[in-house]
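Below: one structure, written as structure tokens.
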Amino acid sequence: MRRLLAGWRGDPRIWRRGIVLAVLALLLALVMLVHSHVPNAIGNLGSLTETFLPWLGLLIPVLLVLGLIRRSATALIAVVLPAVVWLNLFGGLLTDKTGGGGDLMVATHNVNADNPDPSATARDVASSGADLLALEELPASAVPVYEKALASTYRYHAVVGTVGLWSKYPMSGVKAVDIRLGWERAMRATVTTPKGPLAVYVAHMPSVRVKMEAGFTARQRDKSADALGEAIADETLKRVVLLGDLNGTMNDRALNAVTSQLRSTQGAAGSGFGFSWPAAFPMARIDQIMVKGVEPTSSWTLPRTNSDHLPVAARVKLDTSS
């Protein structure tokens, strides 16, 4: 480093070099700073940016190295701005907020309709010790396999369409939640825990696609998210848990109808970003555990199964009176 900086002394061009790098750094900071204003009108570009927003931080060290190579003080100073913006957005996720305790462990997993070994996947997630387990993307042909594999761990369960909830505690009020798809991919149940009733929602939002001719296509996902948000807003119980594959991150404005009402357990009590998809190289957390009226104490991802998603889990404290 000393050798690299030695040639900078007395060089007046260190302020004139690297103007392009400085402009790129400022543009990067601007995109992160006003990401919520990036328009969705063209290919849902805004949602696409917000889905992978944390990864824009990788450009910061690249610009830093290029600034050093170019021996540009202007570029190096400019790089400070996107670094500050990124830390303001995501710095809190870099610390370990995991705590102990909690009354209830919950987990959710998109098991993949083409899962080659559903029984093994069921055993893997059941071994986590979760009191409540939500599964998404359940093909009708595989439901009996999951029911058999989970029967010894969970006394109660319900399957609605392609989603299901397994519980160690009694369930009632099971019903489909209309997310405006024309088929059932969301449900609600009341779980009677030792600490009282808990409203549990399980949802699998429609998939999004990145297409060359249409960009980030997510119109149906967005409509379904609005419908789910309306259902949660009408919930009469004070304690609510949402488990599922939302096909979107907490930063994605298209999920505002949901995220504005609930807290992410990962953001509140996790360590790191908790990316869950794709399982081979997780790049985004689209599998969510969100709560209202309960306190998250810890949140984490579970080991990989035969699915293309990682299971995610959390512990929550139901009694928040103390």
Side-chain angles (χ1 to χ4, degrees), residues 99 101-110 130-136 154 156-161 163-180 184-205 224-250 252 254-270 274 276 285-300 311-322:
D103 306 310
L104 191 75
M105 178 180 169
V106 299
T108 181
H109 189 27
N110 179 325
D131 300 299
L132 299 178
L133 173 62
L135 300 182
E136 303 86 47
Y154 300 98
Y156 309 94
H157 85 279
V159 175
V160 175
V163 299
L165 179 64
W166 277 257
S167 173
K168 295 181 179 179
Y169 303 114
M171 295 166 51
S172 61
V174 176
K175 65 178 182 179
V177 175
D178 182 9
I179 56 173
R180 300 170 189 163
E184 296 174 335
R185 282 177 46 156
M187 62 176 286
R188 180 220 177 266
T190 298
V191 176
T192 305
T193 75
K195 299 288 185 177
L198 175 71
V200 180
Y201 287 78
V202 182
H204 183 194
M205 293 293 100
S224 292
D226 290 343
L228 178 61
E230 291 173 9
I232 293 172
D234 291 337
E235 176 58 52
T236 57
L237 292 181
K238 294 182 178 180
R239 296 187 294 192
V240 179
V241 172
L242 168 62
L243 306 165
D245 173 7
L246 301 191
N247 269 307
T249 68
M250 293 296 294
D252 191 337
L255 300 183
N256 280 351
V258 176
T259 57
S260 62
Q261 302 184 69
L262 306 172
R263 299 172 66 194
S264 162
T265 59
Q266 185 67 23
S276 62
R285 184 180 177 89
I286 63 175
D287 301 276
Q288 307 290 353
I289 299 175
M290 303 177 66
V291 299
K292 179 173 69 174
V294 304
E295 186 66 30
T297 59
S298 56
S299 185
W300 66 100
V312 298
R315 292 194 67 86
V316 298
K317 183 179 180 182
L318 298 175
D319 184 1
T320 60
S321 59
S322 57

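Only a predicted model underlies this, so the values are computations on that prediction, with no experimental measurement involved.
Formation of a donor-acceptor pair under 3.5 Å by the T265 side chain with backbone atoms of A314 is not found in this model. Looking at D131, its side chain never comes within 3.5 Å of a backbone N or O of L104 through a donor-acceptor pair. A side-chain donor-acceptor contact under 3.5 Å links Q288 to the backbone of G248.
You'll find the side chain of M250 reaches within 4.5 Å of the side chain of M290, heavy atoms only. T193 places none of its side-chain heavy atoms less than 4.5 Å from the side chain of D103.
For the side chain to side chain contact (heavy atoms under 4.5 Å, CB included) with I289, the lone residue among V316, L242, T108 that qualifies is T108.
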Sequence neighbours left out, cut at 3.5 Å: what donor-acceptor pairs do the side chains of residues 169-180 make with other protein atoms?
{"from": "D178", "atom 1": "OD1", "to": "R180", "atom 2": "N", "distance (Å)": "2.9"}
{"from": "R180", "atom 1": "NH2", "to": "E230", "atom 2": "OE1", "distance (Å)": "2.6"}
{"from": "R180", "atom 1": "NH2", "to": "E230", "atom 2": "OE2", "distance (Å)": "3.1"}

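Expressed to the nearest 0.5 Å, how far CG of L228 lies from OH of Y201 amounts to 8.0 Å. The line from CG of L133 to NZ of K168 is 10.0 Å long, rounded to the nearest 0.5 Å. How far CG of L243 is from CG of L165: 7.0 Å, rounded to the nearest 0.5 Å. For the atom pair CG of N110 and OG of S276, the computed distance is 9.0 Å after rounding to the nearest 0.5 Å.
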Next on the checklist: Between V241 and L132, is the side-chain contact (heavy atoms from CB on, under 4.5 Å) condition met? List the steps.
Outcome noted: CA-CA 10 Å; V241 172; L132 299 178; 5.9 Å; no

Next on the checklist: Could you go through R285 and V312, starting from their C-alpha distance and side-chain angles, then the distance that decides it, and tell me whether this counts as side-chain contact (heavy atoms from CB on, under 4.5 Å)?
Outcome noted: CA-CA 9 Å; R285 184 180 177 89; V312 298; 3.7 Å; yes

Item to check | Stepwise side-chain contact (heavy atoms from CB on, under 4.5 Å) test for N247 and H204 | outcome: CA-CA 8 Å; N247 269 307; H204 183 194; 3.9 Å; yes

Next on the checklist: Go through it in stages, so that I can follow the logic: the residues are E136 and V202, the test is side-chain contact (heavy atoms from CB on, under 4.5 Å), and I'd like the CA-CA distance, side-chain angles, deciding distance and then a yes or no.
Outcome noted: CA-CA 8 Å; E136 303 86 47; V202 182; 3.8 Å; yes

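For the pair P296 and V294, the tightest heavy-atom approach, listed with the atom from each and the gap, is CD-O, 3.6 Å. Minimum heavy-atom separation, A268 to R263: CB-NH2, 3.3 Å. Here the closest non-hydrogen pair linking L198 and L237 is C-CD1, 4.0 Å. Summarising the geometry of S299 relative to Q266, their closest heavy-atom pair is OG-OE1, 3.1 Å, with the distance given to 0.1 Å. Taking each heavy atom of R185 and V163 in turn, the nearest pair found is O-CG1, 3.4 Å. The two residues A130 and V106 come nearest to each other via the heavy atoms CB-C, 4.3 Å.
Within 6.0 Å of NZ on K292 lie more than 12 heavy atoms contributed by other residues, nucleotides or ligands.
Looking at E235 and R188, a side-chain N of the basic residue comes within less than 4.0 Å of a carboxylate O on the acidic one, giving a salt bridge.
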